[in-house]
Undergrad: 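To start, I am sharing the structure in question, which I have written as structure tokens.
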2 protein chains.
Amino acid sequence: MSAKPPPRPKLYSITELSELYDITPRTLRHYEDRGLLSPNRRGQQRLYQERDRVRLQLILRGRRLGFGLKEIEEMLDLYDADPTEITQLEDVIRRGDLKVEELRVQIQEIQSLITEIMELKAKMEQRLARIKTAHKN
Amino acid sequence: MSAKPPPRPKLYSITELSELYDITPRTLRHYEDRGLLSPNRRGQQRLYQERDRVRLQLILRGRRLGFGLKEIEEMLDLYDADPTEITQLEDVIRRGDLKVEELRVQIQEIQSLITEIMELKAKMEQRLARIKTAHKN
DNA sequence: CTTTACATTGACGTAAACGTAAAGTTGCTT
DNA sequence: AAGCAACTTTACGTTTACGTCAATGTAAAG
């Protein structure tokens with residue numbers, strides 16, 4: 001679904017990046033206001049790096065999964081913990097575990113939904129079959 | 001996670017049902033305004049049946065999964081198609097398939113997220129280990 | 001030097017999903 | 001009969017995640 005990035009450390013203008021992910025520049029600025037992105041500047045203009053693009057991917061996936069920006073920020077925070085601070089490392093591990101547990105529950109719920117839809121579908125198919133055979137008489 | 005229902009066809013007042021699922025009466029009325037629930041009335045008061053409770057469960061799960069009420073309505077519509085109308089049955093089957101595909105993609109995305117978090121966690125654990133062994137000298 | 005294209009920062013608007021307060025039933029219970 | 005608890009409708013308020021101008025800036029092209 002998502003576009004493949006070139007291996008070169010490319011730079012993006014705001015509209016380039018927005019078109020790459022089918023969002024509006026406004027959205028990118030909004031994420032910056034919320035502190036989720038902090039692109040460099042060339043003068044006054046924003047210059048997005050690979051790093052920003054990757055973070056954006058994470059944000060957009062989070063959004064597709066129904067997370068709020070606040071929650072997404074917490075997840076992104078996991079990635080920029082100070083790797084020299086023991087407590088921060090331990091914190092990342094702990095919060096990571098919690099998130100993973102949460103996500104596993106989500107998968108369970110989705111699977112339940114799938115099951116129910118497929119059961120419903122099976123019922124409808126049976127009914128259809130019965131109606132059609134009755135139609136043949 | 002969700003409370004177990006009694007097998008008897010119990011009736012619920014609006015506050016009973018709201019407390020059962022830890023939501024407010026306002027939320028139930030809102031779902032009714034949106035056409036997602038249509039409880040019977042005893043005079044002016046709402047009387048929720050098992051059927052309503054089950055629908056509510058579906059709604060709340062949908063919400064936890066990040067779906068909007070509009071989208072949830074479409075899913076609920078699958079359940080009340082006229083079982084004598086062939087076109088409606090076929091429609092349910094088709095839309096059911098689409099939803100299931102969508103949900104499978106969601107699961108994939110969640111699994112990617114889990115993988116990434118666990119990789120991050122592994123990194124942090126390695127760093128922690130290194131820091132601690134270095135500390136022993 | 002003036003278009004033109006693309007960018008910037010406000011700042012107000014909007015849709016969704018409720019929250020919240022007001023004012024009025026209704027049915028007991030004391 | 002009076003009061004209280006639980007319900008009702010009406011309606012405006014709030015939060016989130018942007019949409020949508022408006023006014024302005026800047027840089028390359030003609």
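Throughout, a chain's letter reflects where its sequence line sits, starting with A, and its residues are numbered from 1. The analysis underlying the following values was restricted to heavy atoms, covering all of them including side chains, and did not include hydrogens, waters or symmetry mates.
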Undergrad: Check this for me, if you would: do B/Glu50 and B/Arg53 make a salt bridge, where the nitrogen-to-carboxylate-oxygen distance has to be below 4.0 angstrom?
TA: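 Answer for the salt bridge query: yes.
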Undergrad: For a 4.0 angstrom threshold against heavy atoms of chain A, report the outermost contacting nucleotides of DNA chain D in 5' to 3' order.
TA: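 Result: D/dA17 to D/dT20.
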Undergrad: Hey, are A/Tyr48 and A/Glu16 close enough side-chain-wise for a donor-acceptor pair under 3.5 Å?
TA: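 Per modelled atom types, A/Glu16 and A/Tyr48 side chains form no pair under 3.5 Å.
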Undergrad: Is the shortest side-chain N to carboxylate O distance from B/Arg55 to B/Glu32 below 4.0 Å?
TA: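 Salt bridge between B/Arg55 and B/Glu32, a charged N being under 4.0 Å from a carboxylate O: no.
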Undergrad: Suppose we call a contact any N or O donor and acceptor under 3.5 Å apart; does that hold for the side chain of A/Arg29 and the base of C/dT8?
TA: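 No pair found.
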Undergrad: Counting C-beta onward and ignoring hydrogens, is there a side-chain heavy-atom pair between A/Glu116 and B/Leu58 closer than 4.5 Å?
TA: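 A/Glu116 vs B/Leu58: side chains touch.
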Undergrad: Can you check the A/Arg26 CZ to C/dG13 C1' distance for me, whole Å?
TA: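 Rounded to the whole Å, the gap is 11 Å.
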Undergrad: Grab the CD-P distance between A/Glu32 and C/dG10 for me, whole Å please.
TA: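 Nearest whole value for this atom pair: 12 Å.
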Undergrad: Measure CG/A/Leu69 against P/C/dA16 and give the value in whole Å, please.
TA: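 It is 18 Å, rounded to the nearest whole Å.
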Undergrad: Check this for me: A/Asp22, atom CG, are more than 12 non-hydrogen atoms of other residues, nucleotides or ligands nearer than 6.0 Å?
TA: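 Atom CG in A/Asp22 is not crowded, with 12 or fewer foreign heavy atoms closer than 6.0 Å.
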Undergrad: Compile the donor-acceptor pairs under 3.5 Å between side chains in residues 101-110 of chain B and protein atoms, sequence neighbours left out, one pair per line.
TA:
residue  : atom : partner : partner atom : Å
B/Glu102 : OE1  : B/Lys99 : NZ           : 3.3
B/Glu102 : OE2  : B/Lys99 : NZ           : 2.9
B/Glu109 : OE1  : A/Arg64 : NE           : 3.0
B/Glu109 : OE2  : A/Arg64 : NE           : 3.1
B/Glu109 : OE2  : A/Arg64 : NH2          : 2.6

Undergrad: What is the distance, to the nearest angstrom, from the CZ atom on B/Arg63 to the C1' atom on C/dA16?
TA: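 Distance, rounded to whole Å: 8 Å.
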Undergrad: Is it true that A/Arg95 and A/Asp91 make a salt bridge, defined as a side-chain N closer than 4.0 Å to a carboxylate O?
TA: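 Yes.
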Undergrad: Determine the contact category for B/Phe67: base if any of its heavy atoms lies under 4.0 Å from a base atom, sugar-phosphate if only primed atoms, P, OP1 or OP2 are that close, otherwise nothing.
TA: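 Contact class for B/Phe67: none.
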Undergrad: Begin with the C-alpha distance, continue with both residues' side-chain angles, and end with the deciding distance and a verdict on side chain to side chain contact (heavy atoms under 4.5 Å, CB included) for B/Asp77 and B/Val92.
TA: CA-CA 9 Å; B/Asp77 285 350; B/Val92 167; over 6 Å; no
Undergrad: Could you write nucleotides 1-6 of chain C as a row of B, S and -, 5' to 3', where a protein heavy atom under 4.0 Å of any base atom gives B, of only sugar-phosphate atoms gives S, and otherwise -?
TA: -----S
Undergrad: Roughly, in whole Å, what's the span from NE2 in B/His30 to C1' in C/dA17?
TA: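 Value for this atom pair: 5 Å.
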Undergrad: Any donor-acceptor pair under 3.5 Å linking the side chain of B/Gln88 with the backbone of B/Ala81?
TA: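 No: the side chain of B/Gln88 does not pair with the backbone of B/Ala81.
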Undergrad: Map B/Gln44 and B/Lys70 onto DNA chain C by nearest heavy atom, then report which one ends up closer to the 5' terminus.
TA: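 Final value for this comparison: B/Lys70.
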Undergrad: With sequence neighbours left out, write down each residue that passes side chain to side chain contact (heavy atoms under 4.5 Å, CB included) with B/Ser18, or none if nothing qualifies.
TA: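 With sequence neighbours excluded, B/Ser18 shows a side chain to side chain contact (heavy atoms under 4.5 Å, CB included) to B/Thr15, B/Ile23, B/Pro25, B/Leu28, given in chain and number order.
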Undergrad: Side-chain contact test, heavy atoms from C-beta onward, threshold under 4.5 Å: evaluate it for B/Arg46 versus B/Arg29 and give yes or no.
TA: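 Yes, close enough: below the 4.5 Å cut-off.
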Undergrad: Check the phosphate of C/dC18 against B/Tyr31, side-chain N and O only, distance under 4.0 Å to OP1 or OP2. Yes or no?
TA: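 Yes.
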Undergrad: Between B/Ser112 and B/Thr115, is any side-chain donor less than 3.5 angstrom from a side-chain acceptor?
TA: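 There is no such pair between these side chains.
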Undergrad: Report yes if the side chains of B/Ile131 and A/Leu89 come closer than 4.5 Å at any heavy-atom pair, otherwise no.
TA: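 B/Ile131 vs A/Leu89: side chains touch.
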Undergrad: Mind checking whether B/Tyr31 and B/Leu60 have side chains closer than 4.5 Å, heavy atoms only?
TA: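 Counting from C-beta outward, B/Tyr31 and B/Leu60 do come under 4.5 Å.
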Undergrad: In residues 71-80 of chain B, what residues come within less than 4.0 Å of DNA chain D, judged by heavy atoms?
TA: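 Under 4.0 Å from DNA chain D: no residue of residues 71-80 of chain B.
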Undergrad: Where along residues 34-43 of chain B does a heavy atom come under 4.0 Å from DNA chain C, residue by residue in number order?
TA: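 Within residues 34-43 of chain B, the residues near DNA chain C are B/Arg34.
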